[in-house]
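What follows is a short report on a single structure.
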Amino acid sequence: MPIYSSQSLLDPRSKYVFQRYNDDASRSGYVHRRDTLLPDNENGWNDMPPTGIKHKPLSDALQKIEETLAAKRKGTGRQVQMSLDPSDDVSADAVRRDVEQVLNIIQLPLWENQVRGLPNPLARSALFSVARQNEPRQHLKERPITSVKGVEIFYTGEELRQDDEDVFLNLVHLARSQPLGHEVSFTAYSMLKSMGWPTSSPSYERLRLCILRLTANAVEIRFDAGSGKRGYGGTLVQEFTFKDETDRQWKVRLNPKLITLFGADAYTQLDWRQRLKLRSPLAKWLHGFYFTHREPFGYKVETLKGLCGSSAQQLYHFRNGLKKALDLLVEQGFLKSWKIDPMTDVVTVVRATRAQQVAQLTA
């Protein structure tokens with residue numbers, strides 16, 4: 001399998017990195033991205049080569065492209081003229097097309113391998129509920145989803161749960177290394193391993209159904225952000241193809257407009273290692289919910305029950321499960337402490353510092 005080297009250009013408008021891969025790169029164990037070395041075989045993803053738009057080598061023209069981009073940033077309003085030396089191996093038109101393509105690239109932020117990008121509106125709602133895997137799933141039509149103030153979600157499709165969120169987080173994680181909307185390739189085996197699922201036939205079928213649910217839905221999301229009101233309408237996964245053979249190769253495409261959910265003030269970088277250690281759906285939901293709060297507010301037990309989409313019939317049943325889930329988060333080092341006020345039934349938690357969490361993960 002060829003390993004591609006890359007050179008990066010910074011899109012001055014979106015501030016996302018465009019990866020440029022060259023076929024004639026030397027073979028190594030790393031993919032080079034903006035002076036950062038990322039092992040291409042980390043976390044079981046070594047069977048998925050970097051994907052992106054392949055170009056003819058443009059090493060001799062990169063400096064001229066960057067100068068063009070710098071001139072565009074000045075906003076002079078006049079057409080920028082580019083001149084190439086006779087020795088250049090590409091034409092001025094080809095370079096100009098490359099510049100235009102770079103300016104139109106939409107790409108997710110390049111977070112680290114040990115985290116996953118989670119949009120705050122999804123984490124602060126019951127879109128991915130905590131119902132258990134063996135419970136029948138509801139089929140919803142334009143159903144308002146319980147969420148915190150400032151977030152409105154309407155959903156049509158089969159009910160989504162925490163296993164669907166695991167798959168969605170991983171698909172977004174893979175998509176971050178290339179322009180959003182391009183196909184993301186992976187094997188079912190590598191996806192299962194990355195989520196800590198067994199590599200058995202039921203797990204392969206579970207993965208297929210998760211991707212199908214993420215595709216066969218319509219979701220409308222409106223939320224307040226630091227820069228004003230934003231919204232997204234569409235599916236969570238745009239389309240997919242797969243080969244049901246020994247390698248079980250999948251190709252998935254996400255909607256480029258999902259970028260709306262990943263503004264600097266609209267998403268959270270979730271610690272994936274902590275989430276992998278949580279088997280309780282409620283503990284997973286609480287982990288994502290409180291991760292979006294640097295200093296978590298107090299919420300009543302009844303409020304949390306609605307926000308996580310619990311199907312518990314009695315509040316005291318949910319309260320008992322909530323206490324166990326909070327204990328798990330303390331055990332994993334994410335929370336330092338928690339308490340439920342016996343008078344008001346308000347849950348307050350104290351998050352562990354980042355240093356305490358790292359110490360727990362490396363212990």
Shortest non-hydrogen contact from [X] toward [Y]:
X      : Y      : answer
Arg161 : Pro136 : NH2-O, 2.9 Å
Leu282 : Ala325 : CG-CB, 3.9 Å
Thr199 : Tyr204 : O-CE1, 3.9 Å
Phe318 : Leu304 : CZ-C, 3.9 Å
Cys210 : Val167 : CB-CG2, 3.8 Å
Asn170 : Ser194 : ND2-OG, 2.7 Å

Using residues 141-153 as the side-chain source, report each donor-acceptor pair under 3.5 Å to any protein atom, sequence neighbours left out, with the distance given to one decimal.
residue: Ser147; atom: OG; partner: Val151; partner atom: O; Å: 2.6

Indicate if [X] and [Y] have the same hydrophobic cluster label, given that clusters are the connected sets of ILVMFWY residues with side-chain heavy-atom separations under 4.5 angstrom.
X      : Y      : answer
Leu140 : Leu160 : yes
Trp338 : Val346 : no
Val330 : Leu278 : yes
Val350 : Leu329 : no

Would a 4.5 Å heavy-atom cut-off, applied to side chains only, mark [X] and [Y] as touching?
X      : Y      : value
Leu180 : Leu108 : yes
Glu158 : Leu212 : no
Asp163 : Met195 : no
Asp166 : Trp272 : yes
Val237 : Leu254 : yes
Gln274 : Phe291 : yes
Arg176 : Val172 : no
Thr215 : Gln238 : no

If you round to the nearest 0.5 Å, how far is [atom2] of [Y] from [atom1] of [X]?
X      : Y      : atom1 : atom2 : result
Lys257 : Ile259 : NZ    : CD1   : 12.0 Å
Leu169 : Leu270 : CG    : CG    : 6.5 Å
Asn217 : Leu127 : CG    : CG    : 8.0 Å
Phe186 : Gln249 : CZ    : CD    : 8.5 Å
Leu335 : Leu328 : CG    : CG    : 10.5 Å
Ser129 : Glu159 : OG    : CD    : 4.0 Å

Arg279, CZ atom: more than 12 neighbouring heavy atoms under 6.0 Å:
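Result for CZ/Arg279: enclosed.
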
Inspect the surroundings of CD in Glu302 and state if more than 12 heavy atoms from other residues, nucleotides or ligands are less than 6.0 Å away.
no

Stepwise side-chain contact (heavy atoms from CB on, under 4.5 Å) test for Leu322 and Lys305:
CA-CA 9 Å; Leu322 176 63; Lys305 179 178 180 295; over 6 Å; no

Step by step, would you call Asn113 with His173 a side-chain contact (heavy atoms from CB on, under 4.5 Å)?
CA-CA 8 Å; Asn113 275 332; His173 183 69; 3.7 Å; yes

Does Arg208 make a cation-pi contact with Phe242, if we ask for NZ or CZ under 6.0 Å from the ring centre and within 45° of the axis?
no

State whether Phe334 and Arg275 meet the cation-pi test: NZ (Lys) or CZ (Arg) under 6.0 Å from the six-membered ring centroid, and within 45° of the perpendicular axis.
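Negative - Arg275 is either too far from the ring of Phe334 or too far off its axis.
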
Between the side chain of Arg253 and the main-chain N/O of Gly181, is any donor-acceptor distance below 3.5 Å?
yes

Any side-chain to backbone donor/acceptor pair from Gln162 onto Phe128? Under 3.5 Å, distance only.
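Pair found, side chain donor or acceptor close to backbone of Phe128.
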
In chain order, what residues pass the ring pair (Phe, Tyr, Trp, His ring centres under 6.0 Å) check against Phe289, with sequence neighbours excluded?
Trp285, His293, Tyr299

Could Arg137 and Asp164 be called an ion pair, given the rule that one side-chain N must be under 4.0 Å from one carboxylate O?
yes

Quick one: side chains of residues 308-316, donor-acceptor pairs under 3.5 Å with protein atoms, not counting sequence neighbours, listed by atom name and distance.
residue: Ser310; atom: OG; partner: Ala312; partner atom: N; Å: 3.1
residue: Ser311; atom: OG; partner: Glu135; partner atom: OE1; Å: 3.0
residue: Gln313; atom: NE2; partner: Ser311; partner atom: O; Å: 3.4

Which one of Asp265, Thr268, Thr292 satisfies the side chain to side chain donor-acceptor pair (under 3.5 Å) criterion with Asn120?
Thr268

Evaluation steps, side-chain contact (heavy atoms from CB on, under 4.5 Å), between Val347 and Lys300
CA-CA 6 Å; Val347 182; Lys300 285 191 173 184; over 6 Å; no

If you apply the rule side-chain contact (heavy atoms from CB on, under 4.5 Å), what do you find for Leu236 with Leu214, and how did you get there?
CA-CA 5 Å; Leu236 295 174; Leu214 292 169; 3.9 Å; yes

Would you please indicate yes or no on a ring centroid separation below 6.0 angstrom for Trp111 and Tyr267?
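Ring centroids of Tyr267 and Trp111 are less than 6.0 Å from each other.
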
